[in-house]
Amino acid sequence: MKVKKNEGKSRGVCTISSPNQRTGERQDWLACPFRALDTAILRDAAHRLFGYDTADSFTLTPAPLLQQEGELQKLRDRVVAGEPAIVYFQNALGGEIKLAATERSPAFSFDSTMVEVLKGPSGEITVGKYGIFEIQTADFHGTYEHAVRNITDNLRMYPDEFKQQIDTHQALLAQGVEGPNTANIFKRTFYQMMFKFQVGAHDTSAGCIFATPRAVWDSWQKHLGAPELVEASDGTWRLSRPGVDLNESPRSWIYVFDVEESATVTPNNLNLWRVIGTDAPTLSHFALDVAPEAALDGGSVDRLREQITIRLAKYLPELRPARLTRSRGVTL
């Protein structure tokens, strides 16, 4: 369930679909971060971060579940037996883990933090490495308020014909909702991603994963200069800089997932489309070197100057471009 800004106005928004700006293909943009807490994706992330043999060779327990005596004892028994165990925290599951601010750095919260629980030298329970799992969903212009009210009203008035009513009046689902704010999505994500990838590279960390829908990844392409991904031998992919050896064991990953459309499965399944290994310096290279260079090569900066001149010419007539003249001497 999605709650954003105002609980009464936004409850229930999970995904919003719109055409891809490059291909025209309709895509689902995930609006709810809790929707991405998919068990299979979380287990894959823990398996990758902590290097377990398989995604089934460990337990993955939400922290609040340990309030139950039976679950706590199962965790203790497993750790004492030397078997892998991961506990994770999330906003609605035990609260976010926070990185405190200093005089020279900002405070940050982690969407989901996975913690390895280990058996110490004397048999005691100790804390091992932590892994960071971030979820990037989508911002939209406009408001969800009217669409959510329309859905709620239809469900109240037509409980037995709700689907037929919505299918017939699909415009009700889009009232007040405008297109995805793609520029803002990347701008507010980029710094967080760079910062947390660096935190994930610390010796006490197992690494960091950013999970995002394919629609969001597609919207990032112009901000990254449309980089080419390189497939690794294990079936994952790499975003790497030219001239830099392919990192076989990166500690920073981008998980790109698709929403699998289905008329019978609710909610729709999430499927990993690309698992991309990278690092902060590589992201910086593509966002701050490659994309600006592409803007220069494409003439965008020159056109920007022309646009500024045309705007100023409204106030300074002498800046207006000279009129074109045909060969017969007719002034255009």
Side-chain angles (χ1 to χ4, degrees), residues 1-14 30-50 58-76 78-79 84-103 105-118 120 124-139 185 188-189 191-213 251-253 255 257 267 270:
M1 179 174 292
K2 173 64 177 174
V3 179
K4 181 179 180 181
K5 293 183 180 178
N6 185 308
E7 182 172 331
K9 296 179 180 179
S10 306
R11 185 187 297 272
V13 177
C14 181
L30 203 67
C32 175
F34 299 124
R35 178 69 177 84
L37 289 175
D38 178 85
T39 301
I41 292 179
L42 285 173
R43 294 197 68 85
D44 188 276
H47 159 58
R48 194 171 310 282
L49 288 173
F50 295 97
F58 58 92
T59 55
L60 183 62
T61 308
L65 201 60
L66 299 180
Q67 295 174 344
Q68 301 178 19
E69 186 59 36
E71 294 295 330
L72 178 60
Q73 190 57 49
K74 282 195 287 187
L75 177 74
R76 291 182 182 277
R78 185 173 182 88
V79 173
I86 300 291
V87 176
Y88 71 94
F89 296 85
Q90 192 268 344
N91 183 31
L93 299 171
E96 294 176 328
I97 301 297
K98 298 183 178 181
L99 182 68
T102 71
E103 292 183 358
S105 64
F108 267 113
S109 297
F110 302 135
D111 289 342
S112 183
T113 307
M114 301 179 182
V115 184
E116 192 175 33
V117 183
L118 303 172
E124 76 279 11
I125 291 180
T126 63
V127 174
K129 290 189 174 184
Y130 61 88
I132 303 167
F133 185 81
E134 291 291 307
I135 302 165
Q136 175 57 57
T137 52
D139 289 334
I185 292 170
R188 72 180 177 82
T189 302
Y191 179 69
Q192 287 198 60
M193 187 161 49
M194 297 280 284
F195 196 101
K196 292 175 182 179
F197 277 171
Q198 290 293 77
V199 172
H202 192 271
D203 290 342
T204 59
S205 175
C208 178
I209 290 175
F210 253 81
T212 194
R251 295 173 64 181
S252 299
W253 297 86
Y255 275 26
F257 57 85
L270 302 183

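Position 1 is the first residue of the sequence; numbering continues from there.
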| note | Shortest non-hydrogen pair, E116 vs I86, comes out as CA-CD1, 3.7 Å
| Can R78 be said to sit on top of F58's aromatic six-ring, NZ or CZ under 6.0 Å from centre and within 45° of the ring axis? | no
| task | Under the side-chain contact (heavy atoms from CB on, under 4.5 Å) rule, what do L118 and I125 come out as? Steps first, then yes or no, please. | result | CA-CA 6 Å; L118 303 172; I125 291 180; over 6 Å; no
| note | On a heavy-atom basis, the closest approach of S109 and K98 is OG-CG, 3.3 Å
| said: Looking at every heavy atom in both L49 and G131, which two are closest together, and how far apart are they? | reply: CD1-CA, 4.0 Å
| query | At their closest point, which heavy atom of F133 faces which heavy atom of D111, and how far apart are they? | reply | O-CB, 3.5 Å
| note | Contacts of E96 meeting salt bridge (charged side-chain N to carboxylate O under 4.0 Å, His left out) (sequence neighbours excluded), chain-then-number -> none
| note | Between the CD1 atom in I132 and the CZ atom in F197, the distance rounded to the nearest 0.5 Å is 9.5 Å
| request: Can you measure from NZ (K129) to CZ (R251) and round to the nearest 0.5 angstrom? | output: 5.0 Å
| message | I need the L66 CG to T61 OG1 distance, nearest 0.5 Å. | response | 6.0 Å
| request: Please round to the nearest 0.5 Å and tell me the distance separating atom CG of L42 and atom OG1 of T39. | output: 6.5 Å
| message | Taking the side chain as everything from C-beta on, heavy atoms only, tell me whether E134 gets closer than 4.5 Å to M193. | response | no
| So do the side chains of F89 and M114 get within less than 4.5 Å of each other, counting heavy atoms only? | no
| task | Grab the two heavy atoms, one from F195 and one from P106, that are nearest each other, plus how far apart they are. | result | CE1-CD, 4.0 Å
| task | Test Y88 against V115 for side-chain contact (heavy atoms from CB on, under 4.5 Å), laying out the working first. | result | CA-CA 6 Å; Y88 71 94; V115 184; over 6 Å; no
| message | For Y191 and F108, take the angle between the two ring planes, folded into 0 to 90°, and tell me which bin it lands in: parallel under 30, tilted 30 to 60, perpendicular over 60. | response | tilted
| request: Mind listing the closest non-hydrogen atom pair of L60 and R43 along with its distance? | output: CB-NH1, 3.6 Å
| From I135 atom CD1 to F257 atom CZ, the distance as rounded to the nearest 0.5 Å | 7.5 Å
| field | Spatial distance of atom SG (C208) from atom CZ (F110) [nearest 0.5 Å] | value | 7.5 Å
